[in-house]
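Worth saying up front: this structure is predicted, and the values here are computed from it rather than measured. Start at 1 with the first residue, then count along the sequence. What's counted below: heavy atoms across the whole structure, side chains too, no hydrogens, waters or symmetry copies.
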Amino acid sequence: SLEFLYLGGNFITSIPPELANLPSLSYLVLCDNKIQSIPPQLAQLHSLRSLSLHNNLLTYLPREILNLVHLEELSLRGNPLVVRFVRDLTYNPPSLQELSGRTIKTRNVPYAPSDLPENLVRYLSLASNCPNPKCGGVYFDSCVRQIKFVDFCGKYRLPLMHYLCSPECSSPCSSASQSSTSQSESDSEDEASVAARRMQKVLLG
């Protein structure tokens with residue numbers, strides 16, 4: 001039933017995903033630490049209204065942060081993401097198991113648990129959909145990490161991490177000062193419109 005959690009100024013370097021197990025948490029203060037990334041599990045904090053992350057080492061935010069439906073205040077000033085961003089497009093080719101799993105999922109090949117070993121049935125259940133609306137593909141372990149800028153509140157552009165099924169689904173990232181022109185960024189605009197209507201205060205400077 002914890003509602004307020006203040007952990008500012010503690011030299012914390014990472015946020016444990018288990019923090020998402022606080023369904024009543026409304027105010028989370030993690031400012032003035034050494035945090036480099038936000039676990040996507042925090043999107044499960046559906047009661048969260050205020051998230052203070054200023055003065056950390058963040059270079060991007062997880063895309064899942066848009067799922068915080070009650071978030072009204074987000075403080076990010078004093079993080080590297082305000083002035084620069086990182087992009088990592090290292091990509092390991094899919095394994096034969098992954099290629100087979102992708103084929104089964106994308107072509108809707110019917111199967112029953114009795115047809116496959118238990119570990120393969122469990123593996124197929126872990127498929128993630130590629131966020132590219134023109135792709136329709138899935139991935140398991142092999143994916144591309146890409147930064148996409150999302151316009152928050154009509155003024156600030158925040159880098160969000162996306163996971164794509166292959167390099168062919170990626171598109172060039174624009175700088176924080178450029179306008180959105182690519183298909184990838186137009187998708188982000190749809191996401192941003194939801195956040196812009198909800199967010200009352202985004203502090204970046």
Could you pull out the closest heavy-atom pair between [X] and [Y], with the gap in Å?
| X | Y | value |
| --- | --- | --- |
| Lys34 | Phe11 | CE-CD2, 4.1 Å |
| Pro80 | Leu58 | CD-O, 3.1 Å |
| His46 | Asn67 | ND1-O, 4.3 Å |
| Asp141 | Glu98 | N-OE1, 2.9 Å |
| Ser37 | Pro39 | O-CD, 4.0 Å |
| Ile12 | Asn33 | N-OD1, 3.0 Å |

Just verifying a value: how many Å separate [X] [atom1] and [Y] [atom2], rounded to the nearest 0.5 Å?
| X | Y | atom1 | atom2 | value |
| --- | --- | --- | --- | --- |
| Leu68 | Leu42 | CG | CG | 7.5 Å |
| Leu30 | His54 | CG | NE2 | 10.0 Å |
| Leu71 | Leu48 | CG | CG | 5.5 Å |
| Leu22 | Leu5 | CG | CG | 7.0 Å |
| Cys31 | Arg77 | SG | CZ | 8.0 Å |
| Leu7 | Ser52 | CG | OG | 11.5 Å |

In terms of hydrophobic clustering (I, L, V, M, F, W, Y; side-chain heavy atoms under 4.5 Å; direct or indirect links), are [X] and [Y] co-clustered?
| X | Y | answer |
| --- | --- | --- |
| Leu96 | Tyr123 | no |
| Leu126 | Leu99 | no |
| Leu74 | Tyr6 | no |
| Phe4 | Val29 | no |

Query raised in the report: Taking it one step at a time, do Tyr27 and Glu73 satisfy side-chain contact (heavy atoms from CB on, under 4.5 Å)?
Result: CA-CA 9 Å; Tyr27 297 87; Glu73 297 183 1; 5.8 Å; no
Report task. Given side-chain contact (heavy atoms from CB on, under 4.5 Å), test Ile65 with Ile38 step by step and report yes or no. Result -> CA-CA 9 Å; Ile65 199 170; Ile38 304 299; 5.8 Å; no
**Report entry** Residue pair Leu45 / Leu51, side-chain heavy-atom distance below 4.5 Å
**Finding:**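 They are not in contact (no side-chain heavy atoms under 4.5 Å apart), so the answer is no.
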Any donor and acceptor pair, going by atom type alone, linking the side chain of [X] with main-chain N or O of [Y] inside 3.5 Å?
| X | Y | result |
| --- | --- | --- |
| Asp115 | Pro113 | no |
| Arg102 | Cys165 | yes |
| His70 | Arg49 | no |

Query - Any donor-acceptor N or O pair under 3.5 Å, side chains Asn79, Asn56 - result: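 Side-chain D/A pair, Asn79 to Asn56: absent.
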**Report entry** Set of side-chain contact (heavy atoms from CB on, under 4.5 Å) partners for Pro117, sequence neighbours left out
**Finding:**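 For Pro117 the side-chain contact (heavy atoms from CB on, under 4.5 Å) partners, ignoring immediate neighbours, are Asn119, Leu120.
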Query raised in the report: Of all residues at least two apart in sequence or in a different chain, which pass the side-chain contact (heavy atoms from CB on, under 4.5 Å) check with Ser100?
Result: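 Partners of Ser100 by the side-chain contact (heavy atoms from CB on, under 4.5 Å) criterion come out as none, since no residue qualifies.
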